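Quick caveat, the model's predicted, so the values are computed rather than measured. Below, read A as the first sequence line, B as the second, and so on, with proteins coming before strands; counting in each chain starts at 1.
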Amino acid sequence: TTRTPSFLGLDKNAEFFPESDVATDVIVGVLDTGVWPESKSFDDNGLGPVPSSWKGVCQTGKNFKASDCNRKLIGARYFCSGYEATLGPIDESKESKSPRDDDGHGTHTASTAAGSVVAGANLLGYAPGSARGMATRARLAVYKVCWMGGCFSTDILAAMDKAIEDNVNVLSLSLGGGTSDYYRDSIATGAFAAMEKGILVSCSAGNAGPNQYSVSNLAPWITTVGAGTLDRDFPAFVSLGNGKNFSGVSLFKGEALPNKMLPFVYAGNASNATNGNLCLMGTLDPEKVKGKLVLCERGINARVQKGSEVKAAGGAGMVLTNTATNGEELVADAHLLPATAVGKKTGDELKTYLFSDSNPTATILFEGTKVGIEPSPVVAAFSSRGPNSITPEILKPDIIAPGVNIIAGWTGAVGPTGLSDDPRRVAFNIISGTSMSCPHVSGLAALLKGAHPDWSPAAIRSALMTTAYTAYKSGGGALVDVATGKPSNPFDHGSGHVDPVSALTPGLVYDMNVVDYLNFLCALGYTPSQINTLARRNFTCDSTKKFSVTDLNYPSFAVSFASQMGGAGGGGGSSSSVKYTRTLTNVGEAGTYKVSVNVPNSSVKILVEPQTLSFSQANEKKSYTVTFSAPAMAADTNVFGRIEWSDGKHTVGSPVAISWS
Amino acid sequence: GSGAKQTYIVHMAKSEMPAGFEDHSHWYDASLKSVSESAEMIYVYRNAVHGFSARLTAEEAESLGNQPGILSVLPEMKYELH
């Protein structure tokens, strides 16, 4: 990526992240669509021998040789037996039965996590700069589990099985499915085994935002990553015949539009199809769009396919408007024809103009790449949101990281749109999703692992979460949610936006081990059989002990009360109170930490005891309790707050999300 | 139809392997063969979970779930890139 290293402060703080042998011994495993090994992002210049801990292989297959691996890309495997058992043999004329990435997604995520430095990177001139992954010195192992027909749990589990055996240190999965119980979810079960071996598992939260309860990969032993924007944009304005201009974004590069206003038409009026406004394939009437700019609306087919349809019908260009689903979030695409994407409000104004003017005209003005965009980051509208639909007492997502308009390495097999009719080939592409934010955190976790080899996955995750920021560093208040234009909350951003430089020295961490998670399963009421399915052991919950999910040593707080209308556990109509227990481990110097509590709603009481914790040596542990008390409130009410411990040098922050259901 | 096959992930209680089996995969195979002569294992899992995956009919899956040492027989799920 060309901008996120500086956006995250990595470029100015290189000295904090040692380039020692320990750092180069960290191995990031990426489960995705494979890898394009010829990408310069996988150049191994300057890297020493493959770490002695590595047990993996570079698997040969169609268009992939063992020699395609090197000291950067140290492993590559593919898993398709489950896929083929269900869907039949892979069509090798369309995709490679090997670790080779014919899609681009896997090359993008792998290079984002741990790609080498590549000077002069850009996409068609956009987002130029020196590209690098987050952990440039870490090694990569790629596990291809996603194919044209999807990613099957049998293959994912097989890949996780091998990755654990291969000795990766971090696993990055930019994929997900529905929300089922942890013991039924292959990613959750595989991640449990990985966690037990000291492997941090980072997963994407999903792109089903801004709907509530839309987060996937909810298990507490997984680091769940939502998406935010960068301070970079690719403006392309729509200029109308009535003199008005509107902002949009585009990555188009090619033959410019004629230097004049063009006829402008609404796709819904240039088609005989019911959904003509969506510019689905074969729905536009060439006679009505030829030589014109066409206004299409988002929905059903891919954004770039709409541009392809306009082009195929003879249109000169496209303006693609969001609907209420996407609001004002602008995602740039490298369309095959001059095109720009605009928000819903702009789209509505454009439609008003189109329906009221007898001779509507427009043009698009492409402005290239702009940086320094404020405010940034903002939470992406598509980023999946809490509460946690399985365990409401565990706040998800955990954190957000850059995931909008991210440039990273790309496959040589398809063009930047991924369309079969796109003949272009690019070394880098710009795409968006929590798929893109997840490998940022995976790479940052690898950096922390290199700096602190003895830290557990929970400690690394804690460091990332408790040092994340929720307010703009330059002032200006709380991070904004682009879906609403208002301040975001912990159900949107979790603990906040990742800040890797602060995460390096968190002061204190909320550590956890396997027993903590087993006790959590007991608190969930799992049967011995369900625990065995998930944790691969006979484990009987001690019947003399009282287990509570509120005792899991999680770095954030989610409190779920029953609403006024009643329901179990909340004491409908009366006040409710619940106690959480946490333990902090000192990973810094000796010091005394004092707590501060911020909750804007005066009817909600948060009592922390004790209010001061003193640590005299490293690895010392101190516990505290938090009692949340509140009157019954209407269903769907949410109250947010924050608990911070500080010794004056470090701030160990935890978000609080209290909800009534 | 009732004879249609689907992929399942079969979780085994490794500690319950009967004496006489040298390797867990042999026990897994015998368990599978006890409900379906024709079914073949797709993967044997050793680290992420204990068990295997195979194509089974719904009846075979239910029957397998009742065998000793079987913890769960869960249908395969499809995930998608984010």
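Interface remark: B/Y45 contributes backbone and side-chain atoms alike to the contact with chain A (heavy atom separation under 4.5 Å). Neither the backbone nor the side chain of A/F192 comes within contact range of chain B; no heavy atom of the residue lies under 4.5 Å from a heavy atom of that chain. Within the 4.5 angstrom heavy-atom criterion, no atom of A/T527 approaches chain B. Only the side chain of A/I156 has a heavy atom closer than 4.5 Å to any heavy atom of chain B. The parts of B/L81 that come within reach of chain A are both its backbone and its side chain, each placing non-hydrogen atoms under 4.5 angstrom from that chain. For A/N532, the parts lying under 4.5 angstrom from a heavy atom of chain B are both the backbone and the side chain. Looking at A/A158, both its backbone and its side chain come within 4.5 Å of chain B, counting heavy atoms on both sides. At a 4.5 Å heavy-atom cutoff, the contact between A/A205 and chain B is made by backbone atoms alone. Contacts between B/H82 and chain A at a heavy-atom distance below 4.5 Å involve backbone atoms as well as side-chain atoms.
Taking CG from A/D185 and CG from B/L74, the interatomic distance works out to 10.5 Å, rounded to the nearest 0.5 Å. Here the straight-line distance linking atom OG of B/S72 with atom CD of A/Q530 works out to 8.5 Å at 0.5 Å rounding. Interatomic distance, B/M41 CE to A/S81 OG, rounded to the nearest 0.5 Å: 12.5 Å. Distance check, rounded to the nearest 0.5 Å: CG of B/L71 to CG of A/N538 gives 8.5 Å.
Across all non-hydrogen atoms, the minimal contact from B/I42 to A/G82 is CG2-N, 3.7 Å. Minimum interatomic distance between A/G176 and B/Y79 (heavy atoms only, all atoms of both residues): C-CD2, 3.2 Å. Nearest heavy-atom pair, B/V44 versus A/D161, reported as atom, atom and distance to 0.1 Å: O-OD2, 4.3 Å. In terms of heavy-atom proximity, B/R55 sits nearest to A/T86 at NH1-OG1, 3.5 Å. Residues A/A193 and B/N47 share a closest heavy-atom pair of CB-O, 3.3 Å. The shortest heavy-atom contact between A/G190 and B/A48 is CA-CB, 4.0 Å.
Atom CD of A/E165 sits in a crowded spot, with more than 12 heavy atoms from other residues, nucleotides or ligands closer than 6.0 Å. Heavy atoms from other residues, nucleotides or ligands lying under 6.0 Å from NZ of A/K197 number 12 at most.
In this structure, a donor-acceptor pair under 3.5 Å is absent between the side chains of B/T7 and A/T154.
Comparing B/H50, B/E76, B/E80 by how many heavy-atom pairs each has under 4.5 Å with chain A, the most go to B/E76. By number of non-hydrogen pairs under 4.5 angstrom with chain A, the leading residue of B/Q6, B/R46, B/K78 is B/K78. Put simply, of B/E16, B/H11, B/M12, the one with the most heavy-atom pairs under 4.5 Å next to chain A is B/H11. Comparing A/T434, A/V145, A/T533, A/N207 by how many heavy-atom pairs each has under 4.5 Å with chain B, the most go to A/T533. If you tally non-hydrogen atom pairs under 4.5 Å between each of A/G403, A/G177, A/S153 and chain B, the highest count goes to A/S153. Note: A/A85 leads A/G150, A/A85, A/G433 in heavy-atom pairs under 4.5 Å with chain B. Interface check for chain B: of the options A/Y183, A/F79, A/F382, the most heavy-atom pairs under 4.5 Å are formed by A/F79.
The side-chain contact (heavy atoms from CB on, under 4.5 Å) with B/M77 is formed by just one residue from the set A/C151, A/S180, A/S186; it is A/S180.
Using a 4.5 Å heavy-atom cutoff, the side chains of B/S53 and A/L157 are not in contact. Contact check for A/D155 versus B/Y43: side-chain heavy atoms found under the 4.5 Å cut-off.
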